[in-house]
Amino acid sequence: SWAAALQAHATAQGDHQAEAASRLVLALAAQTAGRLDIAAPLAQGAIDLLRQACPTMPDGTAAATPGNPPPANDAARHCEYRSAWQALQVLQQSWTYKGVLVNATAQAQAARDLAAWAGDGYRLTVSTADLAWLTARGSSFDAAQPWLQQAQRMATRSGDPMLLARAKFA
């Protein structure tokens, strides 16, 4: 399996990012099987390993506000930020299904901060739309409007029809 191959590489090379990728593969398989109780701890383990391998990666503690994202960080090229972002999506879904929207919102914010740090416009737009959706359901529709407007602006600028649809239906 992919997870086993990644784990073997991680063990042989002492590669934390490969070990994290192995856990993420297992988390995604569990998520697909509807086992978020198994997926969430695996995803959290992947994030923890990725942060060890890349200590400059944002940890989700900064308060996000709607507006222009910061410029891309050169360190992101050496970090598996896409894996960390995907693991945050798994955690977000887990908290959403448990009905703990404040924690799901924190995961969406962390994913958004990570995408902004990496300069990844696609993931930034998806995470901003997720943040709008969770804010509307968790606190208020009015508080969600700036996030929604930002996600729609970013999606429009991207020219990606799928991204625009996702932002419009957030």
Side-chain angles (χ1 to χ4, degrees), residues 17 20-21 23-25 27-34 36 39-40 42-44 46-47 50-51 54 56-170:
Q17 293 191 92
R23 289 186 189 186
L24 179 59
V25 167
L28 292 171
Q31 178 187 36
T32 301
L36 291 173
L42 288 165
Q44 185 62 58
I47 292 168
L50 288 166
R51 287 195 177 123
C54 189
T56 61
M57 190 166 52
D59 63 4
T61 58
T65 56
N68 294 327
N73 187 319
D74 286 338
R77 292 180 299 151
H78 305 290
C79 298
E80 288 293 331
Y81 78 88
R82 291 172 193 87
S83 294
W85 185 87
Q86 188 67 50
L88 289 166
Q89 294 287 300
V90 172
L91 291 172
Q92 177 185 318
Q93 183 184 24
S94 175
W95 286 116
T96 300
Y97 283 169
K98 289 178 183 177
V100 186
L101 295 182
V102 73
N103 289 2
T105 301
Q107 299 305 322
Q109 178 177 324
R112 183 186 180 282
D113 292 347
L114 181 61
W117 173 80
D120 187 325
Y122 178 84
R123 286 174 179 78
L124 180 61
T125 303
V126 169
S127 295
T128 303
D130 288 349
L131 196 51
W133 184 86
L134 289 162
T135 300
R137 277 132 192 98
S139 56
S140 80
F141 183 74
D142 290 338
Q145 286 305 302
W147 293 118
L148 183 59
Q149 291 166 357
Q150 183 184 20
Q152 290 174 349
R153 280 192 307 272
M154 289 187 293
T156 299
R157 279 194 299 261
S158 77
D160 183 335
M162 293 298 291
L163 195 54
L164 186 56
R166 181 158 183 172
K168 283 188 176 186
F169 293 111

Worksheet item: Is Arg166 close to Met162 at the side-chain level, that is, under 4.5 Å between some pair of heavy atoms?
Response: no
Fill in: Spacing of Leu50 atom CG and Met57 atom CE [to the nearest 0.5 Å]
5.0 Å
Item to complete: Taking side chain to side chain contact (heavy atoms under 4.5 Å, CB included) as the test, write out the residues that go with Ser140, two or more places apart.
Response: Asp142, Ala143
Worksheet, complete the sentence: Heavy atoms of Ala46 and Leu24 approach each other most closely as CB-N, 4.2 Å
Practice prompt. Output the distance between atom CD (Gln149) and atom CE (Met154), rounded to the nearest 0.5 Å.
Written response: 12.0 Å
Discussion item. Could you work out, with side chain to side chain contact (heavy atoms under 4.5 Å, CB included) as the rule, every residue matching Ser127, not counting sequence neighbours?
Written reply: Trp85, Gln89, Ala111, Arg112
Discussion item. Can you confirm whether the side chains of Tyr81 and Asp120 place a donor and an acceptor under 3.5 Å from each other?
Written reply: yes
Discussion item. If I take atom CG from residue Leu148 and atom CZ from residue Arg153, how far apart are they, to the nearest 0.5 angstrom?
Written reply: 10.0 Å
Worksheet item: Okay, side chain of Thr32, backbone of Leu28: is any donor-acceptor separation there less than 3.5 Å?
Response: yes
Discussion item. Measuring from atom CD of Gln31 to atom CG of Leu91, what distance do you get when rounded to the nearest 0.5 angstrom?
Written reply: 9.5 Å
Item to complete: Enter the distance from Trp133:CH2 to Thr128:OG1 here, rounded to the nearest 0.5 Å.
Response: 15.5 Å
Worksheet item: Under 4.0 Å between a Lys/Arg side-chain N and an Asp/Glu carboxylate O for Asp130 and Arg123?
Response: no
Worksheet item: How close do Ala151 and Ala167 get, heavy atom to heavy atom, and via which atoms?
Response: O-CB, 3.7 Å
Worksheet item: Quick one: are Trp147 and Leu134 in side-chain contact, heavy atoms under 4.5 Å?
Response: no
Fill in: Closest approach of Ala84 to Leu114 (non-hydrogen atoms, all atoms of both residues)
CB-CD2, 3.6 Å
Discussion item. Please list all pairs meeting side-chain hydrogen bond (donor to acceptor under 3.5 Å, both in side chains) that have one or both residues in residues 95-108, counting only residues at least two apart or in different chains.
Written reply: Gln93-Tyr97
Discussion item. Return the CD1 to CZ distance between Ile47 and Arg23, rounded to the nearest 0.5 Å.
Written reply: 11.5 Å
Item to complete: Please step through side chain to side chain contact (heavy atoms under 4.5 Å, CB included) for the pair Ser158 and Thr125, ending with a clear verdict.
Response: CA-CA 9 Å; Ser158 77; Thr125 303; 5.8 Å; no
